[in-house]
Amino acid sequence: PPRPPGRDCKSVYGEARMMWALVTVRSRGVLRNLGDGNKAGPRLAMVPLLDILNHEVPPAELHAADDVAKPLKGGGLTLNAARRFAKGEEVVWTYGAKPNYGLLLEGGFALPPGENPYEQAHVVLRAVRDISTDPLFDKRQKLLDAVTELYQDWVLGRPPRMVFCMPGDPQLGGPTVIDGWIPVQTLVRARVLVLTDSSEIEPLLEAGPARRLLKGKALAQSARERDALKMLIDLASRKLGTYPNGAALAADDPDEAALEADANGTAPLERPMRMILRTRLGEKRVLRGALEAMRARESKSCPHSERCDLS
């Protein structure tokens with residue numbers, strides 16, 4: 001039934017029913033063009049039978065679920081197999097190229113360590129400078145928004161989001177740098193954030209320099225390239241430090257031991273805890289890998305040469 005005017009869903013239906021509905025739709029609904037002529041584009045829909053299919057990690061050439069779920073003229077969806085299935089094999093499809101936190105939020109599960117090539121870790125810079133503390137704020141934000149528009153990976157006007165990823169992740173909409181651990185848009189955002197003088201940032205607002213910057217061209221000032229790398233190292237280190245046992249070496253991480261014991265049956269975990277540990281460990285592995293690659297790049301090229309090559 002529709003919500004009475006002036007009342008929120010929680011007060012009308014109660015918190016338990018509201019949460020049940022939210023979780024049901026988030027975990028089983030699909031965002032698709034339903035082929036019914038609606039010009040609003042993709043919509044969230046509940047699709048019987050489709051919602052019982054389990055997830056399979058998509059290959060790089062098929063990382064969008066829309067590649068196999070096509071709108072049916074007149075309304076509905078037709079699902080095409082993206083590969084052959086053997087007799088008796090479970091029929092699966094892909095929920096999309098998503099890191100474990102996305103699968104956990106939308107599907108209620110997470111893949112075992114090492115089985116999800118789309119793992120990521122995010123850092124959102126919430127303490128944003130504004131015009132009162134940063135005279136270059138408007139110009140800086142214009143460049144940050146240009147990055148978002150080009151790569152379609154964030155929300156315009158929001159504080160920048162820095163992403164660290166598994167090498168070879170094809171879902172990012174652009175190339176990666178530093179042995180594949182850093183999406184180029186993350187490096188570009190770091191470069192924009194470390195600029196401190198109008199003489200550095202204003203030339204980048206011109207069409208040609210802006211285009212080259214957005215595509216990943218290094219800054220002319222090697223000192224600023226080093227600053228960008230140090231910023232990313234600091235962000236990844238701080239993010240890793242927010243996790244339980246984040247500072248531990250991978251071999252000493254209790255999450256690794258707990259999941260190994262769960263897998264071999266010596267100390268089974270409750271399902272919710274298993275999914276939480278899988279998600280947390282995947283993000284820690286990304287951050288540790290990115291930090292190792294960035295520190296190696298910093299020690300090899302940045303301090304000892306006039307050119308700090310982050311490509």
Side-chain angles (χ1 to χ4, degrees), residues 31 33 41-42 58 60-67 96-99 101-102 117-126 128-131 134 136-221 224-229 231-232 235-236 239 286 290 293-294 297 308-311:
L31 188 65
N33 185 333
E61 64 273 12
L62 183 72
H63 61 269
D66 279 334
D67 292 339
K98 297 177 181 178
Y101 76 85
Y118 305 103
E119 281 288 25
Q120 296 180 355
H122 297 177
V123 180
V124 178
L125 305 184
R126 300 192 182 280
V128 220
R129 292 171 288 186
D130 58 27
I131 196 65
D134 179 8
L136 299 175
F137 174 80
D138 289 338
K139 295 173 182 178
R140 195 187 310 279
Q141 190 61 48
K142 184 175 181 180
L143 286 173
L144 292 172
D145 283 344
V147 179
T148 297
E149 286 183 317
L150 177 62
Y151 293 98
Q152 296 291 301
D153 65 336
W154 195 224
V155 183
L156 293 175
R158 292 281 298 275
R161 181 182 68 162
M162 317 299 264
V163 177
F164 303 89
C165 66
M166 292 294 289
D169 187 340
Q171 68 166 320
L172 295 165
T176 54
V177 295
I178 310 182
D179 299 333
W181 293 96
I182 312 295
V184 70
Q185 55 265 46
T186 292
L187 177 57
V188 173
R189 288 183 173 113
R191 286 168 171 160
V192 171
L193 290 169
V194 298
L195 298 176
T196 59
D197 192 90
S198 60
S199 64
E200 297 173 322
I201 203 167
E202 286 181 359
L204 297 174
L205 294 170
E206 299 175 8
R211 183 169 57 251
R212 291 190 288 272
L213 171 73
L214 298 181
K215 290 292 186 179
K217 182 177 174 58
L219 296 172
Q221 310 93 325
R224 293 295 179 232
E225 286 289 285
R226 288 190 284 272
D227 290 343
L229 182 57
M231 168 182 273
L232 293 177
L235 289 175
K239 177 69 173 180
V286 168
M294 289 189 293
R297 185 63 58 90
C308 182
D309 183 10
L310 302 182
S311 59

Smallest heavy-atom separation, Pro175 atom then Gln185 atom, equals O-OE1, 4.4 Å

Say you draw a straight line from CG of Leu229 to CZ of Arg297; how long is it, rounded to the nearest 0.5 Å?
8.5 Å

Could you pull out the closest heavy-atom pair between Met162 and Ala190, with the gap in Å?
CE-N, 3.6 Å

Donor-acceptor under 3.5 Å (Tyr151 side chain, Leu214 main chain)
yes

Please step through side-chain contact (heavy atoms from CB on, under 4.5 Å) for the pair Leu193 and Leu144, ending with a clear verdict.
CA-CA 9 Å; Leu193 290 169; Leu144 292 172; 4.2 Å; yes

Closest approach of Gly180 and Cys165, non-hydrogen atoms and distance?
O-SG, 3.4 Å

Rounded to the nearest 0.5 Å, the CZ atom of Arg226 sits from the CE atom of Met231 at a distance of 16.0 Å

List the atom of Gln141, the atom of Gly157, and the distance in Å for their closest heavy-atom pair.
NE2-CA, 3.7 Å

All heavy atoms of Met166 vs all of Pro117, minimum pair found to be CB-O, 3.5 Å

Atom pair CZ/CG of Arg191 and Leu187 - distance to nearest 0.5 Å
3.5 Å

Please list every donor-acceptor pair under 3.5 Å in which a side-chain atom of residues 199-209 meets a protein atom from a residue at least two apart or in another chain.
| from | atom 1 | to | atom 2 | distance (Å) |
| --- | --- | --- | --- | --- |
| Ser199 | OG | Asp197 | OD2 | 2.4 |
| Glu200 | OE1 | Thr196 | N | 3.0 |
| Glu200 | OE1 | Asp197 | N | 3.2 |
| Glu200 | OE1 | Arg224 | NE | 3.3 |
| Glu200 | OE2 | Arg224 | NE | 2.8 |
| Glu200 | OE2 | Arg224 | NH2 | 3.3 |
| Glu202 | OE2 | Lys139 | NZ | 2.4 |

Is there a side-chain contact between Pro167 and Trp181 in this structure, where contact means two heavy atoms from C-beta onward sitting under 4.5 Å apart?
yes

Could you measure the distance from the CZ atom of Arg140 to the CG atom of Asp145? Nearest 0.5 Å is fine.
13.0 Å

Out of Val192, Leu213, Val188, which one pairs with Leu219 under the side chain to side chain contact (heavy atoms under 4.5 Å, CB included) rule?
Leu213

Going from OG1 on Thr148 to CG on Asp153, what distance comes out if it is rounded to the nearest 0.5 angstrom?
5.5 Å

Using modelled atom types only, decide if a donor and an acceptor are shared between the side chain of Trp154 and the backbone of Pro159 within a distance under 3.5 Å.
yes

In terms of heavy-atom contacts, Ala290 and Ile182 come closest through CB-CD1, 4.2 Å

To the nearest 0.5 Å, tell me how far Phe164 CZ sits from His122 NE2.
10.0 Å

Show me the pairs that pass salt bridge (Lys or Arg N to Asp or Glu O under 4.0 Å) and involve residues 209-220, at least two apart or across chains.
none

